[in-house]
Amino acid sequence: ESHTDTITVGITQNNVGVDSYQTTYEQAFIEAAEGMDNVEAVVLDAGGDVARQIAQMQDLIQQQVDVIVIWPTNGQAVVPAVRAASQANIPVVVTNSNIAEEGFDFIASFSGPNNVQQGASSAELMCEALADDGQDPSEATGQIVQISGQPGYTTAIERQEGFEDRLAEACPGVEILETQPGDWNREKSQRVMENFLVKYDQIDGVYSGDDNMGVGALNAAKAADRVGEMALIGATNFAVGYEAMAAGEYYGSIYQSPVDDAQNALKTAIAVVNGEEVPFLNYFETPKITRDNMDEFSKPVF
Amino acid sequence: MSKVETETAASAKGHAPDESAPGPDTSRSWVQIISAQGILIAFAVFLLGFGLFSDRFLSFENMESVLRSSSIIGVMALGVTVVVLSGNLDLSVGSMLSFGTVMVVDLHDKIGAAPAMGVMMVAVLALGCINGFLVGILKLNSLIVTLGMLSAIQGLTLIYSGGQNVDIAPSTQSTTWFRVFGRGDIAGLDMPIIIFAVLAILLHCAIAFTAYGRRVYAVGGNPTAAVFSGIRRGRVVFSTYVISAACVGFASIILGSRVMGSQNNVGQGYELLVLAGVILGGTSLLGGSGSIFKTVVGVLILGFIQNGLLLMGYPYYAQWIVTWIVIILAVWLDIAGKRGRLFSPIA
Amino acid sequence: MQSGLRLLTRNPIWVFVAIIFIFFSLSTERFFDIANFRNILVQTSTIGLIALGMTLVMINGNIDLSVGATLALPASVTVDVMGWGAFAEWGNWQILPAVLLGLLSGIAIGALNGFIVWKTGVDAFIVTLGAMLGIRGLVFVYTQEQSFFATNFTYSDFAYSAVLGVPTLAIVFLVFTVATHILLSRTVHGSNTYAVGDNREAAVNAGIRVGPHMVINFMIIGFFAALAGITLSTQMGAATPNLGREFELWVITAVVLGGTKLTGGAGSIIGTFGGVLAIGMLRNGMNLIGVPAFYVLLVLGSILIFVLFLDKQLNRQGEEEIRL
Amino acid sequence: MSDHGDDTGSVLRLEKIVKTFPGVRALDGVDFELRPGEVHALMGENGAGKSTLMKVLAGMYQPDGGRIFIDGLRCTLPTPIAAKEMGVILIHQELSLAEEMTVAENIFLGELPRSRFGFVDWGVLDKRVGDILKMLNVDFGPRTKVNRLSIAKKQMVEIARALTHDAKVVVFDEPTASLTDAEKVVLFDIIGDLQARGVGIVYISHRMEEIFKISDRISILRDGSYRGTLITAETDEDAVTRAMIGRSLDLSRDAGDVARPGDVKLAVEGLSCGSLYQDVSFKLRAGEVLGFYGLVGAGRTEIAETLFGLRRPSAGTVTLNGEAVQITSPAEAIAHGLSLVPESRKEQGLVLGMNCRDNITLPQIDNLTSGPFVSGPQEVAIYEKYRERLEIKAPSWRAMVKNLSGGNQQKIVIGKWLSMKPDVLIVDEPTRGIDVGSKAEIHNLIRELAAQGLAVIVISSEMPEVLRVSDRIAAMHQGRLVTIFERDAVTEDDLIQAISGIGVHAA
Ligand SMILES: Nc1ncnc2c1ncn2[C@@H]1O[C@H](COP(=O)(O)OP(=O)(O)OP(=O)(O)O)[C@@H](O)[C@H]1O
Ligand SMILES: Nc1ncnc2c1ncn2[C@@H]1O[C@H](COP(=O)(O)OP(=O)(O)OP(=O)(O)O)[C@@H](O)[C@H]1O
Ligand SMILES: [Mg+2]
Ligand SMILES: [Mg+2]
């Protein structure tokens, strides 16, 4: 079937306003939709609450939108809601973080970054950072701490998983002393890091689930005058992380553009409605970024 | 909640009328002795207990770290204590902290540090005035009003920032004098701790020793009798919310300066931690009894629980479970002492 | 006419429900639609079920801030138990012991809260504030931070099933609403609930076993929180450890909007039902007309305060009133 | 059994009951004995321990020593329920009702009749309550909400509770403090009925005339110890008073205090407040005591509250010291030199959780500062002055007022307002629940204050009180000021007629 008239895209987001990434994503999504003349977007936000997201799915089904884009608050908990949409013949595109495998039958496509891969990339960066000059990264040794995202949320879990698994392979000599959640919150992770600094006399590296938390850790390390001893590595490069990197205080991160993320999702959704062929796992690129190659990237806008 | 008042009044028969001079009273049981200084004893036991398990716990460095990370919650708790003493609640402080921090950080680079702080203070005080007007003048229930404000201010913050994180540019971070509040120190003692201590002393004196403080206690203890005694209850309640908002303003400055940036939800959930600190200190939610000093102790206990468990390597959620137990035990011992028996007499 | 007016001044929330109903019906054609009403009922059922229990507890002069956390435990227990090897052979019957265990865990938490309130005499606000943190901690201990997934799709099909066109979850909610209404207005336990909240000392003196009575009401709210957690997990086919955060705030809001006094002694299920519907319709309506997320928070907060103000105005005794 | 002793004839016997509160020995080996069908009065000053003794009997307090025998059997009463089951019913001094519930639910609180499955049997309930209410001869029904009743009617509901049980012992703790005369008659009839059924009655009151009217014996407590039992028929008021307070009272009015009223301090002209009271006019001079007499609900309290800025008048003017004023808050009233001793000390007069000193100084706390801080010594000085003057019995100024006896609490309230050195003092029911000795002191104090040039308004529902303290008496009936009598030219009959609306001829 072909859609000659307007296509209505419904999107339910995870938690807009919790950080700039999601807000920028939302703006990019709305802008992109406005840029296409035959697309109308219904934009909803679940505020991080699974129950509310399920209700929003129901409302979108009720409105009979042409396609639903969902940024799951939880990869498993939204599966039945997604199933209900597919049973109502509304195709679903999952964005940013994937849903559980059990739900794969009910979605048209996933569009977003590969969070497990991101964690793995960060692990590789960590090995490089800890290797002495000329030493092979796999020989690297050291003690590091990890500040993870909000417990129970898929992105946090996947990044942690990817990081820990890859680290064990890529440089078995590096030991994770401790992991504590920073809840995607800079102030919280600053406090967590302060505790780590008191507890451990030597910290060679810090991995944070995103740059926002990473900069919190950096703040704490600076205040304790201990930036020199450690390599700080993050993910989802934020403007503050980019700047810290330029200042030489921050080792590296993963570049992930919310604008790409949003546009990718919208394009995938439109393609699905138009009956075009789309890859089932439609990842967009999330390359490593360090001081050495940061010129290749524009500074994040968030 | 007010129903409990009748119950505690009825069961308060064990309370020594003259606390400072026990006199001929021979019936003080161990419960009473513990509870009279219960919170301080608990505090000491805590410090010692953790000290045994972790050699770093009692280090100066760690103490300072705990004080510093407690200072933001602590400053907010000072203001909330005043509100609670006058018999009301303030659940909007968490959202208000987000609002204040986002605002002061955002404005810093735009209009300079001092104006930013000024504008933010005015804005936060205005929110306090709204709370004060609704609860003090219109006499609406404080729990619900501040619950509504919690949500509304969260919305305001997001509208203000457009949902974006705000940051102070890295180039100015190291040069602005705004950094003093969160990162500076005097004679090696961190500035947040000093601000917390100074505010605590000021407010403690204001509440414990001035006529204003007496009015706050009277309004909390019996609002009707306070009015009959010529106290303008509306104004007193109004002022407590302004004080609470001012404390949130100070906390925002510390937070903004410490982090040099802010998310829109930094303060989420703080209202309950703050309240937990106030309760743990032994200030009664019914109003009219408690003190600023007690709140300081309560907040520090919370801080040390969190820190101690972390140092001992427990997962972060262990602190929630321990906080649960400690809150109930502390308040229980407190009222058990007042009524002179461990268990409630209610059948 | 006069009694109708009295009913309204006692439950101003229904005026408000009518206003938002008309407003949204005029604003968007998608609102006034049987399918949408079904949605609203299902969406509100979670908060609604807990609100039923909260009404009892609040009339009792207590409050339960731990319901959000309480809800997460039974949800996880149920989904977890369903997957136990022991029940692998049971087919769909595996759901039965899982649900029973889930409900039991909720009731047990309620009993624990109630027992602490009774025996220690510590205010319920404080007991359950602590429990809100602690029980969430227990959920994390139990789940090891993981979400559980229900591999049996019958479980989630239940959430989307309907009887005679009415969603099963809506029916569950309505049935329990009626049952709780009868419990509160017709039985001795209901009368005692009011008495204990109205004047606890008098109730004690009159020989009501106030302690066990309060424990029962806490067990009831534990049951309802568990039920809400389980129905929510059927909608998700899964349980997450963060489930139900901040629910307590919305439940209390609904109950207070419905006219239950925070000090106890007064309130009704009819009012609570109105309060729950008001919040549900506001949320749903704002989604349908596309109010930006940031403004939704502002609007909900303001409306909550406004309704409180309205209630105060309606219940004023006029100019003769003493001014305190 | 030796425990039986010689009490074959008694339904209740208390032996050597001891009860201590921290710092207070409230009961110090008290004996008490009650026979079936007897009205046994319990008297004593405020804080003598009467209520405490009865709470021990009702299972609300556990005694620290002593023994309780009911029907000759030794028993312990660990809970109020246990006491009720033993047939002991206490009607509280302070009202203890669930305000939002109906009369019927309150009367059968805790014992609602059940039909199947725990449902309330409303039919049975209404019938049983209806019967009881008929016996009490009241004008409200079983389904009336208690919060719609006046205080007196609430008291009747409390009393009705006693009739639902086959009681052996019924204790009335100051039941008449807020009853009208008509209601008192009903109450005494009920007591007579109970007596006839062989129930033992303990009756606590500070009103001598009642005691002598209905009691058979009088037991006296003083400072927590038992001072003996008198047979009512063989004694007189003076003997009882002496046993209670250790001296006789001179109840006559001092001759020397004939008021020489000065300037008009307060003039009220056509004051109305909606339906509460209408068109009230009077003048009050310095050095004069104006009594307000009327039935409960006549609107006297509301007038006082209006003058004190707590209610907005719908019409009329108030002139203070020759100057028209509009007072909109108690703070302003105080600034104008007005003081009000409110009707309800617990709700309106005291912050129960505060200590004695802080309660007394509360209205003037702003003036007691040195630098930014409140001056403790100044405060204590004020407290000490009024403690001595009013003979307040409290362990120290640090004692919380909630631990004082009712009478001493009342004195704290009076002290608080006297210490303001007002021009115009309004006292509303100043001696409700106060023992005879203190009452006389308070009356003398009021006269003394007037003699010093204060203008005083005394609101009271007790005729002897108004007659004793007033120079003129304003009689009120249903929100209207009927007449103002000169005290020397009025008889009791005139007053009763005026306040009950009989013969309201154009004044
Ligand atoms: N709960 C309590 N805690 C401490 N002291 C108390 C308590 N209840 C009573 N008292 C003290 O016990 C003594 C006796 O009080 P009680 O109430 O029995 O006096 P009362 O004879 O009934 O006086 P009144 O005529 O004023 O009612 C008083 O000194 C009072 O202060
Ligand atoms: N008819 C009534 N119905 C309900 N409540 C009443 C009624 N009459 C009086 N009341 C209440 O009873 C209380 C006492 O009456 P009120 O204060 O009006 O009279 P008063 O003239 O001051 O009498 P007193 O000083 O003897 O109490 C008040 O709180 C009033 O609200
Ligand atoms: Mg007494
Ligand atoms: Mg009166």
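Protein chains get the first letters and strands the later ones, always in sequence-line order, with residue 1 at the start of each.
The contact between Leu324(C) and chain D is made entirely by side chain atoms (from C-beta outward), counting heavy-atom distances below 4.5 Å. Contacts between Glu100(D) and chain C at a heavy-atom distance below 4.5 Å involve backbone atoms as well as side-chain atoms. With a threshold of 4.5 angstrom between heavy atoms, Ser329(D) does not approach chain C through any atom at all. For Glu99(D), the parts sitting under 4.5 Å from any heavy atom of chain C are the backbone and the side chain alike. Looking at Leu310(D), the atoms closer than 4.5 Å to chain C (heavy atoms on both sides) sit in the backbone and in the side chain alike.
Here Ala98(D) is the residue among Pro80(D), Ala98(D), Pro330(D) with the most heavy-atom pairs under 4.5 Å with chain C. Of the residues considered (Ser314(D), Pro313(D), Ser275(D)), Ser275(D) shows the highest number of contacts with chain C, using heavy-atom pairs under 4.5 Å. If you tally non-hydrogen atom pairs under 4.5 Å between each of Glu85(D), Arg161(D), His92(D) and chain C, the highest count goes to His92(D).
Between Asp198(C) and Met101(D), the closest side-chain pair of non-hydrogen atoms falls below 4.5 Å. Between Ile322(C) and Glu302(D) there is no side-chain heavy-atom pair separated by less than 4.5 Å. The closest side-chain heavy-atom distance from Arg186(C) to Val120(D) is not below 4.5 Å. Contact annotation: the side chain of Phe117(D) never approaches that of Thr187(C) to less than 4.5 Å [non-hydrogen atoms, C-beta and beyond].
Side-chain atoms of Lys84(D) come within 3.5 Å of backbone atoms of Ala206(C) as a donor-acceptor pair (strictly under, hydrogens ignored).
Taken to the nearest 0.5 Å, the CG atom of Leu109(D) stands 9.5 Å off from the CG atom of Asn205(C). Within the model, atoms CG of Asn106(D) and CG of Asn199(C) stand 8.5 Å from one another, a figure rounded to the nearest 0.5 Å.
Between Leu112(D) and Ser191(C), the closest heavy-atom pair is CD1-CB, 3.3 Å. Of all heavy-atom pairs spanning Arg323(C) and Gly309(D), the tightest one is NH2-O, 3.8 Å.
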